[in-house]
2 protein chains.
Amino acid sequence: MLIVNVDYSILSIMDRELLLLGLLRRRDMHGYKLHEFIERDLAICTDLKKPTAYFLLDKMEKQGWISRHDEQDGKRPARRVYRLTDTGEEVFQRLLRQNLSDYHVPIFSTDAGLAFADEVPIAELMRLLEQKRAQIDAELAQMSHVPDHAGLLQLVIEHRRHYLETEARWLESILNRLNASTERGTES
Amino acid sequence: MLIVNVDYSILSIMDRELLLLGLLRRRDMHGYKLHEFIERDLAICTDLKKPTAYFLLDKMEKQGWISRHDEQDGKRPARRVYRLTDTGEEVFQRLLRQNLSDYHVPIFSTDAGLAFADEVPIAELMRLLEQKRAQIDAELAQMSHVPDHAGLLQLVIEHRRHYLETEARWLESILNRLNASTERGTES
DNA sequence: GGGCGCATGTAATGAGTTACATGATTGA
DNA sequence: TCAATCATGTAACTCATTACATGCGCCC
């Protein structure tokens, strides 16, 4: 009856554009390669899908942020290679500064459930939250296997680790409290 | 030329439905009051807009999760009062457990910029990040003024504070490193 | 010759937002 | 009487996603 879906992105279009501009700034690229690179190496930063990449490239070209020249190779579809324009460079600089200086508090989907946590029997609640914690731990474990990345991404990876550790501690503190309350045997 | 927009939600539709069901579970309500309550008291949990609330109520009624009875009061538009059905209760229980046990790593918009931070002169970078930190601090300051909430929300508020403090520390550590590198005078 | 990788897209759908539309009641 | 609040909604738009469509080149 229910459920599938889920999109936990808090990326806005600005950040996607910033990302694309930033990559094109380093070197000219066509959509396929760009998306491949993003999927392979920047999965932590973003979750930009292929049609979205093509769409944004198209749009940015129309806005004059990037220019296009086609490269034919046999009879394949021509590579539409994009290059940052001067306008694009300006936009990049602006978006970058805006991203670096702005802060917006995200709204955590977790919290919707937390607000009703008292509807679940405490033993089951603990079991559920332990499942959640296991997923966080799994993420952390996986991250320790990630080899040193280009300096670029080191900060991003650190941030992610920092965040996950925080969430783990937070969950732990809730579990401890729940545990204490069952041991005192005073809570429902 | 640019910029407006921004939606930093990581709430999926599931969580919105969970929220609405959870509220209707406590007492029957019509859309207007429901939205009012959400906007006033649950702004930390969600950012559900009015038309979205009406839309979801409609949809949930069609799915049989809630039922509707109208209350006329003079010649105003009738209040369409919704009540949780048995099916709705089942769905609520399921969504709640799913929310409590699942975890998905969010993707932070901040990180897109961080990845290109080395494009900004270090002094300016520090200035920008300090602006960001000021916004986090402001959020934290504002939270300390929030009086004790119903037990319900206490955890959510704690989570938010916990998260904001983490982000502040993380930013601080970056700023310290940047500062150290300028003092050594070895970085561009 | 069959399947994977390269390379492009389009179309349909979903979800949510903003802006607009309507009209009664209440209080200054 | 005029503005704010109560109470409902619709319409148009934006953004992103999934699924589909096409076809060449290369390797086993």
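Per chain, numbering begins at 1; letters A, B, ... match sequence-line order.
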The nucleotide from C/dT17, C/dT26, D/dT8 with an atom nearest the side chain of B/K49 is C/dT17
Does [N] have its OP1 or OP2 closer than 4.0 Å to a side-chain nitrogen or oxygen of [X]?
X	N	result
B/R16	C/dG16	yes
A/T52	D/dT17	yes
B/Y32	D/dT8	no
B/R76	C/dT25	no

Going by chain and number, the hydrophobic cluster around B/Y32 (ILVMFWY, side chain to side chain under 4.5 Å) further includes B/Y54
Rounded to whole Å, how long is the line connecting atom [atom1] of [X] with atom [atom2] of [N]?
X	N	atom1	atom2	result
A/L57	C/dG9	CG	P	9 Å
B/D70	D/dG9	CG	C1'	13 Å
A/R79	D/dC24	CZ	P	17 Å
B/H35	C/dT18	NE2	P	10 Å
A/H30	C/dG5	NE2	P	16 Å
B/L20	C/dA15	CG	C1'	14 Å
B/E61	D/dG9	CD	P	10 Å
A/F55	C/dA12	CZ	P	17 Å

Looking only at the side chains, is there a donor atom on one of A/Q135 and A/Q131 sitting less than 3.5 Å from an acceptor on the other? no
Exercise. Does one side chain, of B/E158 or B/Q154, offer a donor that lies under 3.5 Å from an acceptor on the other?
Worked result: no
Practice task
Flag the pair A/K33 / A/H30 as yes when at least one side-chain heavy-atom distance between them is below 4.5 Å, and no otherwise.
Solution key: yes
Is the shortest heavy-atom distance from the side chain of A/M29 to the side chain of A/R83 under 4.5 Å? no
A/Q72 and A/R76 have their tightest heavy-atom pair at NE2-O, 2.8 Å
Touch class at under 4.0 angstrom, heavy-atom based, for A/K50 against every strand present | base
Could you run down the sub-3.5 Å N/O contacts of the protein with nucleotides 10-14 of chain D?
none

Shared ILVMFWY cluster between A/L24 and A/V81, side chains joined below 4.5 angstrom?
no
